[in-house]
Amino acid sequence: MTDTAPVRRADLPPGPRLPYAVQGLRMLYAPEAFSDSCRRRYGDTYTLGVPRRPVTVWSSDPALARLVTRLPDEASTAAEWNAAAEFLWGPRSPFVVEGEEHRRTRRLVMPVLRGPRVLARREEIGEAARRAAAGWSREGPVRLLEEMRALVLELMVRSVLGPGAGPVSGPGADPLASRVARLTETLRRITLGSLLLPWTRHVPGSAYGRVLRARRELAGCLEAASRARAGEGGGPGLLGDLVRARADGRLAGDALADQLIAFLLGGYATTATALASAFDLLLHHPAALERAEDEAAGGEGGEEGGGPWLEAVVRESLRLSPPAWVFGRVLREPVEFGRWRLPAGAWVAFDVLEMHRRADALAGLGGDPGAFRPERHLARAADGRRCTGAVPSWHVFGGGGRVCPGASFAPFVVRTVLAAVLARVRLRPLRDRPGTLVRESTLLVVRDGVPVTVSDR
Ligand code: HEM
């Protein structure tokens with residue numbers, strides 16, 4: 001059903017009356033201050049004026065997020081929301097396809113993100129983390145964010161090529177890792193605003209043009225790798241799965257590179273950021289750190305790869321520092337929510353950071369939303385040892401049929417790496433408090449990259 005009724009201002013949540021261009025610029029360049037002031041004035045859900053968008057609703061209400069993300073594609077779509085970055089994802093990406101094609105492509109990637117193939121990688125991931133930590137300088141400061149980017153890049157590329165693949169960095173390395181790194185570095189260094197100006201791709205040296213070039217190189221590299229594998233029955237890793245799927249018709253001929261780019265870009269920066277934030281919070285909470293170190297060493301019910309305490313640490317750091325701080329949907333049918341009627345065509349953005357810091361969501365779970373308290377995730381377990389994941393506003397990985405396919409893989413990687421690193425080296429933070437979080441496009445990162453000193457255990 002399409003909404004043909006005219007949009008009535010009284011049906012929409014109230015919001016600022018500033019000129020649209022001013023609101024758009026404030027949201028792009030000072031989102032924290034702007035959303036703080038809007039929330040104080042209008043509440044959890046408000047209507048923003050954004051140039052060239054009919055209605056944009058901004059919300060930190062988990063009830064609205066649950067309602068909208070559970071609607072079928074015909075009523076609420078992520079594809080249209082993600083289409084703003086289609087130049088990056090490509091037309092056959094899981095971010096932008098819908099319906100049966102979307103479900104089919106998700107089924108193809110899930111085996112490398114869940115279940116026995118993931119558990120079988122525990123030792124490989126721990127070993128990669130120990131090797132990385134062994135190589136960190138013992139003399140000068142080490143920036144954990146940079147180190148985590150290098151480590152997670154290696155893990156993601158090995159997910160694609162298979163664990164037995166040759167080196168992914170240094171001499172003789174497979175070119176895939178450097179292509180992924182170049183594209184994500186290019187993306188990190190440019191503002192979201194400059195990407196909203198597609199005509200600039202024709203301007204020499206423009207941000208848009210650089211992203212398109214880096215993406216073309218990565219796609220070319222993936223296509224070359226898939227052609228090389230086609231004659232060998234596909235081989236290991238996600239690349240092998242997709243080459244076989246393409247051969248037997250489960251994957252469209254032109255969809256392979258888009259699938260792999262979604263997988264690599266969706267998983268790389270987010271997981272590296274999650275790791276850096278987890279270290280940052282843990283290193284500034286000595287009691288939590290001591291318990292984590294004990295568990296990493298195999299005590300307190302721990303095992304190699306971490307136990308319940310590290311699981312709770314990961315959940316709590318994802319709550320306080322959700323790497324993807326915003327996700328959204330475009331409505332295709334009107335949605336009634338309380339006294340409002342959000343019209344078809346409305347863009348609805350969910351502010352995950354704010355959702356996670358709601359006092360009402362933590363009532364009975366230790367309160368104090370700004371505090372790092374991993375134990376709140378253990379609160380309801382009868383034996384006090386199992387994680388419950390109880391925080392009701394939790395939207396780290398989005399929701400509904402579009403929920404992030406890496407939702408169990410990423411926490412598994414973070415936990416395994418934390419355990420391996422803490423068991424191998426002693427880290428001391430160089431700041432006296434956790435770093436400020438800054439919004440880099442749709443990611444939330446620790447501003448100065450988590451500087452630490454490293455010594456051997
Ligand atoms: C801590 C790490 C991660 C965070 C915080 C994160 C967050 C998210 C969020 C918020 C969404 C949007 C969901 C929605 O619209 O409801 C998403 C989608 C997605 N993520 Fe992740 N993600 C992470 C790790 C990963 C990993 C490891 C992979 C793959 C290897 C991945 C691949 C994707 C893909 C392909 C989508 C699009 C799913 C679809 O539309 O069907 N992400 N992620």
Side-chain angles (χ1 to χ4, degrees), residues 62 65-66 68-71 73 76-86 88-90 92-114 117-118 121 125 148-149 152-153 155-160 180 237-238 241-242 255 258-278 314-315 317-330 347-353 355-356 394-418 442-445:
R66 278 191 292 272
V68 169
T69 55
R70 287 173 192 178
L71 294 172
D73 281 353
S76 149
T77 171
E80 234 170 274
W81 173 275
N82 293 331
E86 191 179 316
L88 174 66
W89 299 127
R92 308 309 291 265
S93 170
F95 281 98
V96 296
V97 294
E98 294 187 80
E100 184 46 34
E101 182 174 2
H102 178 249
R103 285 188 287 277
R104 204 174 49 239
T105 55
R106 275 183 74 109
R107 278 199 297 276
L108 290 174
V109 298
M110 286 324 288
V112 284
L113 292 171
R114 222 170 40 191
R117 275 169 76 175
V118 170
R121 292 187 67 189
I125 295 171
M148 292 304 120
R149 282 187 180 133
V152 174
L153 179 59
L155 299 175
M156 295 305 296
V157 169
R158 285 190 189 285
S159 302
V160 169
V180 178
L238 180 60
D241 296 345
L242 297 189
D258 290 358
Q259 287 298 317
L260 292 169
I261 288 175
F263 181 91
L264 288 161
L265 293 196
Y268 161 49
T270 45
T271 310
T273 301
L275 262 161
S277 296
V314 176
R315 281 189 166 271
S317 66
L318 285 172
R319 182 188 69 80
L320 275 174
S321 317
W325 65 276
V326 65
F327 70 96
R329 298 288 184 270
V330 178
W347 284 52
V348 189
F350 297 108
D351 190 328
V352 182
L353 182 63
M355 256 187 239
H356 286 186
W394 175 264
H395 275 89
V396 170
F397 297 105
R402 289 273 173 179
V403 74
C404 172
S408 55
F409 180 72
F412 173 80
V413 169
V414 176
R415 209 167 62 236
T416 309
V417 170
L418 284 178
T442 55
L443 282 190
L444 196 64
V445 299

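Just follow the structure's listing: the first ligand is 1, and inside any ligand the first atom is 1.
Salt-bridge formation is not detected for the pair Arg104/Glu101: no Lys NZ or Arg NE/NH1/NH2 atom is positioned less than 4.0 Å from an Asp or Glu carboxylate oxygen.
Using a distance-only test at 3.5 Å, with no hydrogens or angles considered, no donor-acceptor pair links the side chain of Ser93 to the main chain of Ala262. In this structure, the side chain of Asp73 does not engage the main chain of Glu98 through any donor-acceptor pair within 3.5 Å.
Taking each heavy atom of Arg92 and Asp258 in turn, the nearest pair found is N-OD2, 2.8 Å. Minimum interatomic distance between Cys404 and Arg106 (heavy atoms only, all atoms of both residues): C-NH2, 4.2 Å.
Protein heavy atom nearest atom 41 (O) of ligand 1, with residue, atom name and distance: His102 NE2, 2.6 Å. Atom 23 (C) of ligand 1 has Thr270 OG1, 3.5 Å as its closest protein atom, hydrogens excluded (heavy atom only). Of the protein's non-hydrogen atoms, the one nearest atom 33 (C) of ligand 1 is Pro405 CD, 3.5 Å. Annotation: atom 37 (C) of ligand 1 to nearest protein heavy atom, Phe95 CE2, 3.3 Å. Closest to atom 8 (C) of ligand 1 among all protein heavy atoms lies Cys404 CB, 3.6 Å. Counting only heavy atoms of the protein, atom 13 (C) of ligand 1 lies nearest to Arg402 O, 3.3 Å. Looking at atom 29 (C) of ligand 1, its nearest protein heavy atom turns out to be Phe263 O, 3.7 Å. Closest to atom 15 (O) of ligand 1, if we only count protein heavy atoms, is Arg329 NH1, 2.8 Å.
Only the side chain of Ala410 comes within contact range of ligand 1, with a heavy atom under 4.0 Å; no backbone atom does. Only the side chain of Leu113 comes within 4.0 Å of ligand 1, counting heavy atoms alone; its backbone N, CA, C and O stay farther away.
In this structure, Met156 is part of the shell of residues with a heavy atom less than 4.0 angstrom from ligand 1. In this structure, Val396 is part of the shell of residues with a heavy atom less than 4.0 angstrom from ligand 1.
Taking the six-membered ring where tryptophan is involved, the planes of Phe350 and Phe327 are tilted, since the angle between them lies from 30° to 60°. Ring geometry, Trp81 versus Trp347: the interplanar angle falls from 30° to 60°, so the pair is classed tilted.
Among Phe350, Phe397, Phe412, the residue whose heavy atom sits closest to atom 6 (C) of ligand 1 is Phe397.
Shown here is Arg70, whose CZ atom has no more than 12 heavy atoms of other residues, nucleotides or ligands within 6.0 Å. No more than 12 heavy atoms of other residues, nucleotides or ligands sit less than 6.0 Å from atom CZ of Arg114.
In terms of polar-atom proximity, defined here as any N/O pair under 3.5 Å, Gly266 does make such a contact with ligand 1.
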